[in-house]
Each structure stands twice: as structure tokens, then as C-alpha cells.
There are 2 protein chains.
Amino acid sequence: MKPNIKDVATLAGVSATTVSRVLNNRGYISEETRNKVYQAMEELHYFPNDVARSLFRKSTKFIGLIFPTTSHPFFGELILNIERICSTRGYKVLLCNSLNDQEKESEYLEMLQRNQVDGIIVGTHNQGTLNYEKIRFPVVAIDRYLSDSIPVVSSDNYQGGKIAAELLLESGCKKIIHICGPQQLKTPANQRTNAFKDVMKNHGIEPVIYELPVNFQQPSTIRMIHKIFDEHQDIDGIFASDDLIAASILAEAYGIGRKIPDDLKVIGYDGTETVQICLPHLTTIRQPIKQIAEKSVSMLIDLIEGKQFERQYEETIPVSIKKGTTV
Amino acid sequence: MKPNIKDVATLAGVSATTVSRVLNNRGYISEETRNKVYQAMEELHYFPNDVARSLFRKSTKFIGLIFPTTSHPFFGELILNIERICSTRGYKVLLCNSLNDQEKESEYLEMLQRNQVDGIIVGTHNQGTLNYEKIRFPVVAIDRYLSDSIPVVSSDNYQGGKIAAELLLESGCKKIIHICGPQQLKTPANQRTNAFKDVMKNHGIEPVIYELPVNFQQPSTIRMIHKIFDEHQDIDGIFASDDLIAASILAEAYGIGRKIPDDLKVIGYDGTETVQICLPHLTTIRQPIKQIAEKSVSMLIDLIEGKQFERQYEETIPVSIKKGTTV
DNA sequence: ATGAAAGCGCTAACAA
DNA sequence: TTGTTAGCGCTTTCAT
């Protein structure tokens with residue numbers, strides 16, 4: 001059904017080797033032969049079989065992507081950028097949504113190995129540690145410490161947390177609360193919380209922190225927000241380590257009649273386009289998504305192609321603040 | 001470096017065939033041999049090479065996904081669901097973000113063919129028509145008419161448009177405007193606009209419709225909203241055919257001091273989780289994303305596996321309304 | 001300038 | 001119960 005290189009060769013009246021030469025532009029081929037081959041390929045709607053090529057070349061030009069979910073705006077944008085850059089550089093993307101489930105991540109990891117990907121980019125958060133050490137091809141992590149030998153790309157989380165905390169203080173907040181993700185996960189994102197603590201302590205304030213459970217969903221976020229409003233009537237500032245959490249805070253605050261930013265100031269984290277379209281007034285720390293994508297892809301491809309590069313095992317990219325009217 | 005089946009065979013003291021038999025659980029193998037093989041695989045950290053298997057089996061178990069972008073919440077959620085279902089059913093996903101660019105779509109299409117995907121799911125919108133006819137494996141489209149022989153899965157767009165238009169009328173709107181995507185694209189989504197027109201005409205009202213350009217971005221959306229507020233001071237209802245457009249309308253209305261829903265009622269389309277978290281009060285037509293994903297994947301796999309099924313070439317799934325407080 | 005043969009890693013006849 | 005052989009579609013020596 002699908003024509004192969006031999007079909008093309010037969011139709012063009014040459015050998016498969018010659019067709020291969022035309023395909024790869026290698027060695028000497030007469031113009032005449034070349035044209036005959038092109039014509040035959042055209043006529044048969046021939047496409048070279050990359051499976052066979054990959055087998056021979058021992059390189060698939062596949063890059064595996066393991067992320068929690070494309071449905072979260074941060075990952076959706078990040079994955080868009082990563083995939084586009086890969087495509088431009090001749091790599092194809094195998095997508096894996098781990099949903100932060102350890103078992104799924106492990107299955108995906110095996111699948112990617114079986115499929116001979118040239119490398120993978122991981123951005124999931126799990127409690128346990130999988131065998132990323134034993135993997136026989138390059139791995140780059142985004143916002144996650146996997147092992148000593150696996151490079152990590154992340155934005156400057158400490159700086160982000162610091163900017164947020166200081167902005168709230170400068171804006172006159174007296175009682176600030178920070179909502180963060182699970183701290184037991186080994187991720188540079190914990191630096192946001194560390195920065196918050198440091199800033200508070202430097203100002204002689206005991207930091208108040210609420211930590212979400214591993215794999216929190218919308219309901220637990222809402223419950224936590226209720227709890228916070230309940231336990232701290234005098235709260236006047238919240239730093240959420242994710243825009244969607246910030247969004248929920250705004251909604252809940254609105255529900256109980258707190259005026260933003262007069263009664264309560266809110267600052268989020270990520271600064272994705274989607275959330276900015278939905279909530280253009282949200283003040284947030286903007287992650288440099290495009291640069292994170294560029295850096296991680298170029299690091300990975302450098303590793304794959306064996307480029308000599310000073311192995312910098314932690315790449316930190318500056319964040320910026322997007323001032324809205326919620327602070 | 002990477003061990004192959006022969007390395008395993010040698011270590012286990014058997015032939016490659018025997019290892020293959022163990023791997024595939026075929027034929028008779030003595031318990032003893034089986035254990036030796038398992039042990040050897042373990043020792044070498046052996047994973048079967050799926051590239052070689054695919055070449056032999058003439059099936060890759062790859063499904064290609066061509067969508068505009070994972071960064072849009074609707075596609076982000078849709079792609080999450082599609083990928084998860086594929087994974088459960090033993091298929092792997094090659095992700096392509098076409099950005100609605102015809103040339104990119106064409107390149108991706110060729111890439112997928114070269115990589116011998118077993119099938120593809122397409123959800124992009126382009127003006128021109130690519131050669132989906134000539135493709136030699138199954139294709140399923142979501143919200144797009146590609147050719148007579150390619151099945152289309154979509155939600156009940158006409159119903160969605162009807163519900164939205166009628167709700168605005170019932171709520172007392174006198175001057176309703178509809179913002180829609182480019183109508184020249186051949187997509188079932190145009191039914192939303194047709195329904196709007198029909199409902200308005202049935203009520204003796206001349207429908208007012210603003211059409212966004214092909215590949216509209218946020219700036220052109222904002223410009224169009226300004227234009228609408230400018231040209232129609234008496235507007236009291238808007239039906240936007242996308243939640244992100246609705247979100248921008250809310251923001252702009254807020255900016256010029258129009259009270260929602262008293263001065264202006266707004267209804268969106270899609271009902272994604274992300275937008276619902278950001279704007280829980282938004283009234284919107286909710287697309288059954290999960291079912292769309294299930295239907296398109298199962299149709300595609302049925303086609304791939306040659307299941308006899310009554311070829312229903314247009315699958316329409318009911319929508320529902322999510323009532324918020326913007327109407 | 002072109003072709004024949006071997007091999008990438010795997011599986012399925014066919015033999016034994 | 002196990003092994004030998006051929007072949008999936010391609011590319012690359014090595015000949016000619």
C-alpha cells in the first residue's frame with residue numbers, strides 16, 4: 001500500500017541505493033537520474049519512512065515531554081513554546097501528561113525509553129524519586145531536582161518571592177499570608193516561600209504560611225482560602241504562588257465583600273497570557289516562559305548532540321513583576 | 001551502549017528468538033529459561049526497542065495531534081484528555097502546535113506521515129485546504145470539515161448558540177451583539193452564529209454580528225470590543241463565541257464603568273476549568289471537552305483497528321449552559 | 001555515476 | 001522447547 005524506496009527505484013529504473021542518494025543528497029548523481037527519481041517519488045506520493053531511518057541512524061529525533069498537564073495555563077504555554085522550538089530545530093515531541101502521578105510518570109518514562117527518544121524534558125512533581133539516574137540519554141528538568149547530574153532550568157524563584165513580599169509590605173500591608181505548594185517536593189519553587197520567610201523576618205514579622213497538599217485541586221484550594229479568611233480576620237495581603245490560586249482568592253474575597261486592593265491586596269505567580277486575559281488587573285510575578293523553554297531545549301539539544309559546553313547545572317532566569325491593581 | 005535483544009540472549013545463554021518469545025509471551029518457554037531471560041534483562045536494564053518493533057509490525061502506535069496551540073485553555077484541556085485516553089489505550093501522542101499557520105500544518109502533516117503514525121486528530125483552522133484526502137491512514141477532525149470522507153466530532157454548536165441567544169433575550173436584552181470567529185473557515189462552530197441569527201430573526205430583530213479576522217490575537221479582540229462599545233452605546237447584551245473574548249469584554253466593560261449584568265449581560269463559550277477558576281461568575285456555554293476527546297479517540301482507534309462500525313461521519317455532542325452572574 | 005550486500009533490532013515462519 | 005533464517009525500509013561501505 002504505502003510505497004517504499006524500492007517501489008520508487010523500480011519506477012525510476014534505478015537501484016534503491018540511488019534513490020537513497022537522491023533523498024540524502026549524497027555522492028554523485030546525474031541530473032537525469034535525479035529527475036527520474038523525483039518524478040517517481042512524486043508519482044507515488046512517496047515519503048521516506050522515518051522509522052527505518054531512525055533504526056539505522058540510532059537516533060529518532062524525538063524529545064519526550066513529561067509535564068503534569070497541558071490544561072494548566074503555565075504548562076500549556078510552556079509546552080507550546082518548547083514544542084515550537086523543538087520543531088524549528090528538527091525535533092519532534094512526544095507528549096506525556098503525568099498528572100503528577102508517580103506511577104504514570106514511571107510508565108511514561110519506560111515508554112519513552114522503549115521509543116528511543118533522543119532526550120527528555122521533565123517538569124512534573126512527585127514525592128518519590130524515579131530512576132532518572134539510570135536513563136541512558138540526556139534529561140533536562142524544569143523546576144525540579146531529579147539528581148546531581150541532571151541540569152535544572154528555572155526562573156529566579158527567590159527573587160520572585162522577594163519582590164512579591166516586599167511589594168506587599170511597601171504597599172502598607174500589616175498582616176500578610178503566603179499560600180504555597182507542598183514544600184516536601186524538591187523544587188526550586190520552594191525558594192518563593194523561603195524568600196517570603198526571609199523578607200518577613202527581616203521586617204521583624206513572623207511569617208504566616210499556608211501549604212497546599214500534594215496534588216491539590218480546586219476544592220482544596222477553596223477550602224484553604226475559607227480557612228484563611230476564617231482564622232485571620234485582619235488579613236490585608238496575600239501572596240499566592242500560582243495565579244489560579246490568586247484568582248480563587250479574588251473570587252472569594254469578592255464573595256465576602258472585601259474590596260481589592262483597599263481591604264486586601266493580592267499578588268499571584270506565573271503571569272500567563274491566559275490568566276492575564278481573564279484577569280488583566282491581577283498583579284503577579286511573571287515567569288519568563290519563553291526563555292525557560294528556549295534554555296531547556298537548547299541545553300537538551302546541546303547534550304544530545306554532544307556539544308562541548310560548560311556544564312552549568314542550574315540555569316536561573318530573571319523574573320519580572322507585572323503590576324496590576326490588586327496590590 | 002544500549003543493550004539489544006542479542007546482548008540479553010547471550011547473557012542468558014539462549015537465542016534472540018527465545019528472548020523475543022519471553023518478551024511477547026508467545027509459544028512454549030520453560031520456566032527455567034524464562035527466569036534466566038528475565039534475570040538477564042534486569043541485569044542489563046534492557047528495554048525492547050520500539051523503533052525496530054514498529055518497523056517490523058508496520059504500526060507505530062503513534063497518534064499525531066495537530067491543534068492550534070496548547071496555550072489556549074480549550075485546546076489545553078482537550079489535548080490533556082485526548083492524550084490521557086490514548087495513553088490508556090496503548091497509543092502515544094506526537095504533539096503539533098500549528099498556530100493555525102497553513103505552512104506549519106503542512107509541514108507537520110508531512111512529518112507525521114514520515115513517522116508512520118497510525119492516525120491523526122486534527123483541530124486546526126486554516127483557510128486553504130491541505131491534502132487530507134491523499135493521506136494513507138485514518139484521520140478524525142474536531143470542529144473542522146476537511147473532506148467528505150473525514151469524520152468530524154464537535155459539540156452541538158447550533159444548540160449552544162441558540163441557548164445563548166435565547167437566554168439573553170429572556171433576560172430582557174434589547175440590543176444584543178454577537179462576536180464570532182472568522183466565518184470563512186469551514187467549521188461547525190459557525191453554527192453558533194447561524195443559531196444566533198435564527199433566534200434574532202425569529203424575534204423580529206436584525207442580528208448584529210462582529211466577525212474577528214482569521215488568526216485574531218488579543219489586540220484585535222480588544223480593538224473590536226472598543227469599536228463595538230463605540231458604535232453601539234445602547235448595547236445591553238453580548239454573546240461571545242469564546243470565553244477569552246468574553247473575559248476581555250468584562251474587563252473593558254468594567255473599565256468604562258458598565259455594571260454587569262445590570263447594564264450589560266455577557267455570555268461566553270467553552271466553559272473550560274481554567275476560565276471558570278479565573279472567572280467563576282461568567283455565564284457560558286460549556287463544551288463537553290471530555291466527551292469530545294473520548295469520541296474522537298475512539299472513532300480514530302476504531303478506524304485504525306479496522307473495526308466494523310457504522311460510519312457516522314458527524315458526531316455531535318450536546319452542550320450545557322453554566323449559569324453565572326454575568327447574565 | 002551506479003549497484004550489490006550487509007546490517008540497524010526485532011519477530012515470525014519453519015526446522016529440529 | 002529452542003534455534004536458524006529471512007525480512008521490515010533504509011543507508012552505507014565496497015565494488016565496478
Side-chain angles (χ1 to χ4, degrees), chain A residues 1-38 40-41 44-62 110-118 136-137, chain B residues 1-38 40-41 44-62 110-118 136-137:
Chain A
M1 205 197 107
K2 268 185 203 155
N4 62 22
I5 200 169
K6 250 190 136 178
D7 298 323
V8 176
T10 308
L11 184 61
V14 296
S15 74
T17 310
T18 301
V19 177
S20 173
R21 285 209 181 89
V22 172
L23 238 31
N24 298 286
N25 230 327
R26 250 190 262 295
Y28 300 95
I29 319 121
S30 71
E31 265 317 297
E32 203 197 328
T33 314
R34 189 188 294 274
N35 287 332
K36 273 191 300 184
V37 171
Y38 277 138
M41 295 198 301
L44 296 172
H45 288 292
Y46 171 76
F47 288 102
N49 183 329
D50 271 354
V51 174
R53 284 178 155 188
S54 295
L55 180 61
F56 180 84
R57 295 188 179 137
K58 292 168 171 290
S59 159
T60 53
K61 291 276 181 174
F62 283 139
E110 181 174 335
M111 179 277 275
L112 295 174
Q113 291 184 256
R114 286 165 176 262
N115 283 280
Q116 316 293 315
V117 295
D118 288 349
R136 294 177 226 240
F137 49 76
Chain B
M1 209 196 103
K2 269 185 203 155
N4 61 22
I5 201 169
K6 250 191 136 177
D7 297 323
V8 177
T10 309
L11 183 62
V14 297
S15 75
T17 308
T18 303
V19 178
S20 174
R21 286 210 182 89
V22 173
L23 239 32
N24 298 287
N25 233 328
R26 250 191 264 292
Y28 299 95
I29 317 121
S30 71
E31 265 317 297
E32 202 196 331
T33 316
R34 191 188 291 274
N35 287 331
K36 274 192 300 183
V37 171
Y38 277 138
M41 295 198 302
L44 296 171
H45 290 291
Y46 171 76
F47 288 102
N49 184 329
D50 270 355
V51 174
R53 284 178 155 188
S54 295
L55 180 62
F56 180 84
R57 294 186 180 140
K58 290 168 172 294
S59 157
T60 53
K61 291 273 182 178
F62 282 138
E110 181 174 334
M111 180 277 277
L112 295 173
Q113 292 184 256
R114 286 167 175 259
N115 283 281
Q116 316 292 314
V117 294
D118 289 349
R136 296 177 223 244
F137 47 77

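Labels below follow one simple rule: chain letters A, B, ... track the order of the sequence lines, proteins then strands, and each chain is numbered from 1. Note: hydrogens, waters and symmetry copies are ignored here, and every other heavy atom, side chains too, is used.
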Quiz prompt | Terminal contacting nucleotides, 5' and 3', DNA chain D versus chain B (heavy atom, 4.0 Å) | solution = dT1(D) to dG9(D)
Quiz prompt | No-hydrogen, no-angle side-chain donor-acceptor test under 3.5 Å, Ser15(B) and Thr18(B) | solution = yes
Quiz prompt | Minimum heavy-atom distance Ser30(B)-Thr33(B), with the two atoms named | solution = OG-OG1, 2.5 Å
Quiz item: What pair of heavy atoms forms the shortest contact from Asn115(A) to Val51(B), and how long is it?
Solution: O-CG2, 4.0 Å
Practice problem: Check every strand shown and say whether Arg21(B) touches a base, only sugar-phosphate, or nothing at a heavy-atom separation below 4.0 Å. | Solution: base
Practice problem: Give one of base, sugar-phosphate or nothing for Ser54(A), where a contact means two heavy atoms less than 4.0 Å apart. | Solution: nothing
Quiz item: Reckon Ile29(B) touches a base, only the sugar-phosphate, or nothing at all at heavy-atom distances under 4.0 Å?
Solution: sugar-phosphate
Quiz item: When you match Thr17(B) and Leu55(B) each to their closest nucleotide on DNA chain C, which lands nearer the 5' end?
Solution: Leu55(B)
Quiz item: Pick from Leu11(A), Leu23(A), Asp7(A): which one makes a side-chain contact (heavy atoms from CB on, under 4.5 Å) with Tyr46(A)?
Solution: Leu23(A)
Quiz prompt | From Lys36(A), Glu32(A), Glu31(A), residue fulfilling side-chain contact (heavy atoms from CB on, under 4.5 Å) relative to Arg34(A) | solution = Glu31(A)
Quiz item: Base, sugar-phosphate alone, or nothing: which one does Asp50(A) contact when heavy atoms must sit under 4.0 Å apart?
Solution: nothing
Quiz item: Is Arg57(B) touching bases, backbone alone, or none of the nucleic acid, heavy atoms closer than 4.0 Å?
Solution: sugar-phosphate
Quiz prompt | Nearest non-hydrogen partners of Thr60(B) and Val117(B), listed with the distance | solution = OG1-CA, 3.6 Å
Quiz item: Taking side chain as C-beta onward, heavy atoms only, is Gln116(B) less than 4.5 Å from Ser54(B)?
Solution: no
Exercise. Considering only heavy atoms of chain A and a distance under 4.0 Å, specify the first and last nucleotide of DNA chain C in 5' to 3' order that meet this criterion.
Key: dA1(C) to dG9(C)
Quiz item: Looking for any heavy atom pair under 4.0 Å, which part of the strands does Thr18(A) touch: base, sugar-phosphate only, or nothing?
Solution: sugar-phosphate
Self-check item: Thr10(B) side-chain N/O to Lys6(B) backbone N/O, donor-acceptor pair under 3.5 Å
Solution: yes
Exercise. Using a heavy-atom cut-off of under 4.0 Å over every strand shown, decide if Ser30(A) touches base, sugar-phosphate, or nothing.
Key: sugar-phosphate
Self-check item: From Met41(A) atom CE to Ile5(A) atom CD1, the distance as rounded to the nearest 0.5 Å
Solution: 9.0 Å
Exercise. Pick base, sugar-phosphate or nothing for Val14(A), based on heavy-atom distances below 4.0 Å to the nucleic acid.
Key: sugar-phosphate
